[in-house]
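Sharing a structure, written as structure tokens. Questions coming.
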Amino acid sequence: MFAKSKSFLFSVSKLFHHHQQWRGMGAMAKVRLKWVKNKNLDHIIDTETDLKAACILKDAIKRSPTGFLTAKSVADWQKLLGLTVPVLRFLRRYPTLFHEFPHARYASLPCFKLTETALMLDSQEEIIHQSHESDTVERLCRLLMMMRTRTVSLRSLHSLKFDLGLPDNYEKTLVMRYPDHFCFVKASNGNPCLKLVTWRDEFAFSALQKRNERDAVTAEDGLYREFKRGQSALTFAMSFPRGYGAQKKVKAWMDEFQKLPYISPYDDASNIDPDSDLMEKRAVGVLHELLSLTIHKKTKRNYLRSLRGELNIPHKFTRLFTRYPGIFYLSLKCKTTTVILKEGYRRGKLVDPHPLTRLRDKFYHVMRTGFLYRARGVGMVSKEELLLDKVDDEGPEEEGSEEEEIVEGSELEEDSEDE
């Protein structure tokens, strides 16, 4: 566990005040980059959109007092689930998860309950939530510690529930078990919010700081020790689209960016000039940290927009994703905009998968089996297979670097709303 020492706080403070002169004068030369399409990361969005919708429906059926949902009750959920097809058609695609039967009183009304396979996967999910509860509590604390008022609206948090790996009923279980960590409050507009009760020094280290300290110990590198003494700046891992990294103007820009001091998302940034390059790097660091807290290292742009004020990031923050394609990837798949932390993936796979993401891989395997074989797929998924830690991945095998394609003439709207 990382602990915030007084010497470390002093060195960061010294580094921060030393670079207060980073303002508009002598600003970095900005390079306008075209959006680059990454087919492999887009494929992840394709598959996980259906996966998330199936998980939400699974939880809704489980919460239902009758143990099933009718087609009529979910008819208006298509936009909520992010689907491009009607919910009834979606449910019928996956008979390995959702068993269809006629209503007892209205024979023409389709109903859906969970299959034995779905119930087994759900029980495994509960075990994971229980055994990794401390990790979930830490991630939730760190999210709140990044907020200006240490609070987040329940509406915003509910949107992030799947991405953060929170249990379905976290408000009634997880939060209530930790009254010394969390409490419910009402915002000035009356909206219910979750608030951090006490600042946690042991959690106030970003993923970038942890990675650099870990790498420094492994490689016996003095760079991170220099950073702690205020003599260096931490650098972000970058994976450029093919051809970008070799461009001299891009390399020069990124070199300037990396040399700027790193301000932790958990440090006070109120004294930084909002129009300075330093504030831009601080905003990149905040977005990097928030994506690091998600178990799939990605989330929807609109979810971030609802947190913009609390995170103290620019109104047109989408430009940060397109201006730093070595750090972020912006996907336009499935009629929405999703931002991915590129360092979280290698060859189309999560570099450090959370146990819950491994379970969701099994969940998707069951979905795909049902989609390919329909009703016959129910008997094709064995109990033994579901108890394995891993299942065969149906995703595309990649050779070499990511498949990327520069889309000529493509420009992303910086402040447009998702559909």
Quiz prompt | Sequence neighbours excluded - ring pair (Phe, Tyr, Trp, His ring centres under 6.0 Å) pairs with any residue from residues 121-143 | solution = H132-H354

Quiz item: Could you go step by step and tell me if K362 and E125 meet the salt bridge (Lys or Arg N to Asp or Glu O under 4.0 Å) rule?
Solution: CA-CA 11 Å; K362 289 197 283 186; E125 182 178 342; over 6 Å; no

Quiz item: Rounded to the nearest 0.5 Å, what separation is found between the OG1 atom of T318 and the CZ atom of F328?
Solution: 11.5 Å

Quiz item: Can you find a pair of side-chain heavy atoms, one from R358 and one from P355, that are under 4.5 Å apart?
Solution: no

Exercise. Could you verify whether a donor N or O on one side chain and an acceptor N or O on the other, from Q209 and S206, lie under 3.5 Å apart?
Key: yes

Self-check item: P110: side chain to side chain contact (heavy atoms under 4.5 Å, CB included) partners, not counting sequence neighbours
Solution: A71, L88, R92, E100, F112

Practice problem: Report the residues that fulfil salt bridge (Lys or Arg N to Asp or Glu O under 4.0 Å) with R150, sequence neighbours left out, ordered by chain and then residue number. | Solution: none

Practice problem: Would you check if the side chain of R301 reaches a backbone N or O of T336 as a donor-acceptor pair within less than 3.5 Å? | Solution: no

Quiz item: Quick one: are H181 and V137 in side-chain contact, heavy atoms under 4.5 Å?
Solution: yes

Exercise. Determine whether the side chains of Y266 and E289 contain a donor N or O and an acceptor N or O closer than 3.5 Å.
Key: yes

Exercise. Give the intermediate values and the outcome of side-chain contact (heavy atoms from CB on, under 4.5 Å) for residues R211 and F236.
Key: CA-CA 10 Å; R211 191 201 72 203; F236 291 87; 5.9 Å; no

Quiz item: Closest approach of S276 and I272, non-hydrogen atoms and distance?
Solution: OG-CG2, 3.6 Å

Exercise. Could you tell me which residues satisfy salt bridge (Lys or Arg N to Asp or Glu O under 4.0 Å) with D168, sequence neighbours excluded, listed by chain and number?
Key: R63, K161

Quiz item: Do Y324 and W253 have ring centroids that are under 6.0 Å from one another?
Solution: yes

Practice problem: Answer yes if the side chains of H288 and E343 hold a donor-acceptor pair under 3.5 Å, and no otherwise. | Solution: yes

Practice problem: Could you tell me which residues satisfy side chain to side chain contact (heavy atoms under 4.5 Å, CB included) with K298, sequence neighbours excluded, listed by chain and number? | Solution: I44, I45, E48, H296, T338, I340, Y345

Practice problem: Indicate the atoms forming the closest heavy-atom contact of Y178 with L174, along with that distance. | Solution: CD1-O, 3.1 Å

Quiz item: Can we say E256 and K281 salt-bridge, meaning some charged N sits less than 4.0 Å from an Asp/Glu carboxylate O?
Solution: no

Quiz item: If you measure from OG1 on T294 to CG on L164, what distance do you get to the nearest 0.5 Å?
Solution: 7.0 Å

Quiz item: Is any side-chain heavy atom of Q78 closer than 4.5 Å to a side-chain heavy atom of F90?
Solution: no

Exercise. Please test K259 against D255 for salt bridge (Lys or Arg N to Asp or Glu O under 4.0 Å), starting from the C-alpha separation and ending with a verdict.
Key: CA-CA 6 Å; K259 289 176 183 176; D255 285 345; 5.9 Å; no

Quiz item: Do the non-hydrogen side-chain atoms of R93 and D50 ever get within less than 4.5 Å of each other?
Solution: yes

Practice problem: Walk me through it: do L157 and Y303 pass the test side-chain contact (heavy atoms from CB on, under 4.5 Å)? | Solution: CA-CA 9 Å; L157 193 56; Y303 298 168; over 6 Å; no

Quiz prompt | Residues forming a side chain to side chain donor-acceptor pair (under 3.5 Å) with R155, sequence neighbours excluded | solution = none

Self-check item: Heavy-atom closest pair, residues L69 and A60
Solution: CD1-CB, 3.9 Å

Quiz item: Is there a side-chain contact between L291 and V339 (heavy atoms, below 4.5 Å)?
Solution: yes

Quiz item: side chain to side chain contact (heavy atoms under 4.5 Å, CB included) with A252: which residues, sequence neighbours excluded?
Solution: none

Quiz item: Taking the side chain as C-beta and beyond, is there a heavy-atom pair between L144 and C141 under 4.5 Å?
Solution: no

Quiz item: Side chains of W77 and L57: closer than 4.5 Å at any heavy-atom pair?
Solution: yes

Quiz prompt | Residues forming a salt bridge (Lys or Arg N to Asp or Glu O under 4.0 Å) with D122, sequence neighbours excluded | solution = K58, K62

Quiz item: Roughly how far, to the nearest 0.5 Å, is the OG1 atom of T337 from the CG atom of L304?
Solution: 11.0 Å

Quiz item: Could K333 and D42 be called an ion pair, given the rule that one side-chain N must be under 4.0 Å from one carboxylate O?
Solution: no

Quiz item: To the nearest 0.5 Å, how far apart are CG in L320 and CZ in R323?
Solution: 7.0 Å

Quiz prompt | CG-CG distance between D361 and L51, expressed to the nearest 0.5 angstrom | solution = 8.0 Å

Quiz prompt | For L341 against S292, the heavy-atom pair lying closest together | solution = CD2-OG, 3.4 Å

Practice problem: Identify the heavy atoms of G344 and K297 that sit nearest to each other, and give their distance. | Solution: CA-CG, 4.0 Å

Quiz item: Who pairs with T49 by side chain to side chain donor-acceptor pair (under 3.5 Å), at least two apart in sequence or on another chain?
Solution: none

Exercise. Find out whether N191 and L154 are in side-chain contact, i.e. whether some heavy atom of one side chain is under 4.5 Å from a heavy atom of the other.
Key: no

Self-check item: Lys NZ or Arg CZ of R360 over F162 ring: under 6.0 Å, within 45°
Solution: yes

Practice problem: With sequence neighbours left out, write down each residue that passes side chain to side chain contact (heavy atoms under 4.5 Å, CB included) with A187, or none if nothing qualifies. | Solution: N189, C193

Practice problem: Output all residues satisfying side chain to side chain donor-acceptor pair (under 3.5 Å) with T357, sequence neighbours left out; order by chain, then residue number. | Solution: none

Self-check item: Pair S153, S156: side-chain N/O donor-acceptor within cut-off below 3.5 Å
Solution: yes

Practice problem: Mark yes or no: K113 above the aromatic ring of F101, with NZ or CZ under 6.0 Å from the six-membered ring centre and no more than 45 degrees from the axis. | Solution: yes

Quiz item: Quick one: salt bridge (Lys or Arg N to Asp or Glu O under 4.0 Å) partners of R177, sequence neighbours excluded?
Solution: E133

Quiz item: Minimum heavy-atom separation for T235 to Q258, with atom names?
Solution: CA-OE1, 3.3 Å

Exercise. Look up atom OG1 in T117 and atom NE2 in H99, then write down how far apart they are to the nearest 0.5 Å.
Key: 12.5 Å

